[in-house]
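Letters A, B, ... are given to chains in the order of the sequence lines, protein chains preceding strands, and every chain is numbered from 1.
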Amino acid sequence: MYVAVKGGERAIENAHAWLAEERRGDTDVAELSVEQIREQLGLAVNRVMAEGSLYDPDLAALAIKQARGDLIEAIFLIRAYRTTLPRFGDSLPMETANMACDRRISATYKDLPGGQILGPTFDYTHRLLDFKLAADGETPQAPERVATQEPVPHVTSFLNQEGLIEEAPREDTTPPDLTREPLEMPSPRALRLQALSRADEGFTLSMAYSTQRGYARNHAFVGELRIGAVPVEMDIPELGFAIEIGEVTLTECETVNQFKGSKSEPPQFTRGYGLVFGQTERKAISMALVDRALRWEELGEDNVGAPAQDAEFVLYHADNIQATGFLEHIKLPHYVDFQAELELVRKLRADAMAAQMPEAAE
Amino acid sequence: MKDLSPDQIARKSWMGLMAKAPKGQVAQLLDAATDRPEFTWLRAPEIGSVMVQGRAGGQGAPFNVGEITITRCALSLPCGTVGHAYIQGRSKPCAEASALVDALMLTEAADSIRDNVLTPLQETQTKARDTRAAKAAATKVDFFTMTRGDD
């Protein structure tokens with residue numbers, strides 16, 4: 001039975017008005033501008049772009065302001081906006097080997113062409129609260145050094161020269177797109193990578209952590225982590241050639257994993273891969289570990305029943321907008337559903353009581 | 001990738017420069033350089049998205065990473081020259097200015113536009129890139145050996 005009711009419009013309007021007032025907070029404190037969020041809360045902006053799956057720092061900053069800093073709510077706003085945009089086309093695959101690296105580190109080689117570039121990192125900080133930031137601070141100035149123009153090749157290319165790591169053959173296929181067709185199992189690696197790149201950071205981190213703790217352990221080394229700007233090119237039909245249409249900052253993580261070999265492959269290293277919009281290092285490393293765990297089948301490894309090996313489990317629960325949508329809907333009115341349950345429980349109780357009556361009479 | 005003619009290479013270069021320019025800069029430089037010519041829209045500015053692809057392992061099969069916002073338009077000058085713009089972000093005025101510069105670069109005004117618009121754009125972007133590279137270089141690790149334990 002479906003019962004339509006009306007009411008609550010005024011309560012809803014007033015709730016939203018109060019939300020706006022609470023969002024603004026104490027009016028004696030200066031209002032936060034979208035530009036301030038974009039410039040000074042850059043890693044929050046990066047996360048919203050990565051999981052919102054839309055690279056636009058101004059929009060992400062606006063979403064964070066509107067969502068009062070609730071990043072999943074902000075990601076929801078970006079995903080909703082994204083659906084209103086006409087799609088002009090697909091870019092050419094980005095060449096991350098040509099990245100202008102802000103950061104580039106390897107945990108597998110100390111000395112490598114291009115060197116270890118730390119970049120603007122939290123690593124090696126003491127994690128002590130800096131009360132100077134609470135006072136009016138001076139403008140910090142980063143030191144500079146003459147940059148050499150040497151190339152910064154991918155670390156896995158060194159291993160590849162020796163044949164010690166699995167090949168990643170270059171292909172020019174058209175990848176599947178989960179924003180156009182529903183995610184179905186079994187999913188090819190291209191689809192898994194797309195899903196992981198926009199997946200919830202916390203979920204991906206926990207899945208990756210589970211592999212480190214022994215659930216589908218695959219001994220990951222961070223072969224390389226790099227962060228920097230990469231141009232985006234697209235073929236323009238009206239011109240007849242490709243042009244750069246923009247530039248994105250990316251975090252890329254390549255893991256090098258132990259592999260004992262299989263029936264068809266000799267012992268060698270295998271690859272896990274993470275590529276995420278923005279400076280999003282924790283997410284990119286997590287993505288690489290989960291990508292590697294999900295590759296068990298194509299590498300001929302055993303399924304040990306670990307959660308991180310279960311593509312259906314991982315991919316169907318990794319999207320925080322799907323998850324929060326389904327989770328949060330249960331707080332909305334279910335009066336009729338519940339009324340039916342109530343009637344059912346009353347009836348079952350009455351039946352049970354009636355069945356007990358003869359015993360009570362004895 | 002097919003070989004491009006020198007004219008196509010030049011056009012590819014300036015369109016890429018304008019696509020990545022900071023908001024408002026193309027319009028500002030254009031207006032400082034010249035009065036805007038009359039034009040008619042072939043495609044009024046529209047905001048949309050492009051799906052950006054990466055490659056598995058940085059080099060293998062392509063996959064979709066996510067989208068970027070793009071504004072595009074096309075216009076023609078009274079002489080019939082057509083200018084296009086595909087620029088990053090959501091600015092219709094920036095797209096209009098970029099398409100005008102693209103069209104003017106195909107006319108006799110090219111030298112003046114190159115000197116007054118494209119060269120300053122290139123300088124801004126080169127300087128920004130060099131500054132980041134210099135800051136990154138300052139964080140490059142110089143290892144040195146403290147002791148060696150094998151003798």
Per-residue contact mode, [X] against chain B (heavy atom under 4.5 angstrom):
X        : answer
A:Arg189 : side chain
A:Pro57  : neither
A:Cys101 : backbone
A:Arg198 : neither
A:Val146 : backbone
A:Glu167 : neither
A:Thr255 : neither
A:Thr121 : neither
A:Ile236 : side chain
A:Glu254 : side chain
A:Ser197 : side chain
A:Asp291 : neither
A:Pro169 : backbone
A:Glu247 : both

Minimum heavy-atom distance between [X] and [Y], given as atom pair plus value:
X        : Y        : value
A:Pro93  : B:Gly54  : CB-O, 4.1 Å
B:Lys12  : A:Ala242 : NZ-O, 2.9 Å
B:Phe63  : A:Gln194 : CD1-N, 4.0 Å
B:Val50  : A:Asp90  : CG1-C, 3.9 Å
B:Pro62  : A:Thr173 : CG-O, 3.4 Å
A:Glu238 : B:Tyr86  : OE2-OH, 2.9 Å

Checking heavy atoms, do the side chain of [X], its backbone, both or neither come under 4.5 Å from chain A?
X        : value
B:Ile87  : backbone
B:Arg72  : both
B:Asp130 : neither

Problem - Chi angles and distances behind the side chain to side chain contact (heavy atoms under 4.5 Å, CB included) call for A:Met94, B:Val65 - result: CA-CA 10 Å; A:Met94 293 179 290; B:Val65 181; 4.2 Å; yes
With chain A, which of [options] has the greatest number of heavy-atom pairs at distances under 4.5 Å?
options                             : result
B:Met15, B:Gln59, B:His84           : B:Gln59
B:Arg132, B:Arg11, B:Arg55          : B:Arg55
B:Lys23, B:Arg90, B:Lys135, B:Glu46 : B:Arg90
B:Gly66, B:Gly16, B:Ser49, B:Ala19  : B:Ser49

Within this structure, what is the [atom1]-[atom2] distance for the pair [X] and [Y], rounded to the nearest 0.5 Å?
X        : Y        : atom1 : atom2 : value
B:Asn64  : A:Arg180 : CG    : CZ    : 10.0 Å
B:Lys140 : A:Ile105 : NZ    : CD1   : 14.5 Å
B:Ile47  : A:Phe88  : CD1   : CZ    : 8.5 Å
A:Leu275 : B:Gln53  : CG    : CD    : 12.0 Å
B:Asp102 : A:Ile243 : CG    : CD1   : 8.5 Å

With a 4.5 Å cut-off on heavy-atom pairs, point out which of [options] contacts chain B the most.
options                                : answer
A:Leu191, A:Thr96, A:Val276, A:Leu59   : A:Leu59
A:His154, A:Gln116, A:Glu252           : A:Gln116
A:Pro143, A:Gly274, A:Gly115, A:Ala229 : A:Pro143
A:Gly272, A:Gly246, A:Pro120           : A:Gly246
A:Ala190, A:Ser53, A:Gly119            : A:Ser53

Problem - For B:Gln125, side chain to side chain contact (heavy atoms under 4.5 Å, CB included) partners two or more places apart - result: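 Scan of B:Gln125 (side chain to side chain contact (heavy atoms under 4.5 Å, CB included), adjacent residues dropped) gives B:Leu17, B:Lys20, B:Ala21.
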Within a radius of less than 6.0 Å around [atom1] of [X], do more than 12 heavy atoms belonging to other residues, nucleotides or ligands occur?
X        : atom1 : result
A:Gln141 : CD    : no
B:Arg36  : CZ    : yes
A:Asp172 : CG    : yes

Practice task
Measure the shortest side-chain to side-chain distance between B:Thr139 and A:Arg103 over non-hydrogen atoms and say whether it is less than 4.5 angstrom.
Solution key: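 Sidechains of A:Arg103 and B:Thr139: no contact.
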Handout entry: NZ or CZ of A:Lys110 within 45° of B:Phe143 ring axis and under 6.0 Å
Key =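 The answer is yes, since A:Lys110 meets both limits relative to B:Phe143.
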Practice task
For side chain to side chain contact (heavy atoms under 4.5 Å, CB included), just list the numbers for A:Ile245 and B:Ile68, CA-CA rounded to whole Å, side-chain angles, deciding distance to a tenth of an Å, and then say yes or no.
Solution key: CA-CA 10 Å; A:Ile245 55 170; B:Ile68 56 173; 4.1 Å; yes
Practice task
For side chain to side chain contact (heavy atoms under 4.5 Å, CB included), just list the numbers for B:Glu67 and A:Arg82, CA-CA rounded to whole Å, side-chain angles, deciding distance to a tenth of an Å, and then say yes or no.
Solution key: CA-CA 8 Å; B:Glu67 288 162 276; A:Arg82 190 204 70 77; 2.4 Å; yes
Practice task
Please assess A:Met234 against B:Ile70 for the test side chain to side chain contact (heavy atoms under 4.5 Å, CB included), listing each intermediate value before the final yes or no.
Solution key: CA-CA 11 Å; A:Met234 182 168 80; B:Ile70 295 291; 5.9 Å; no
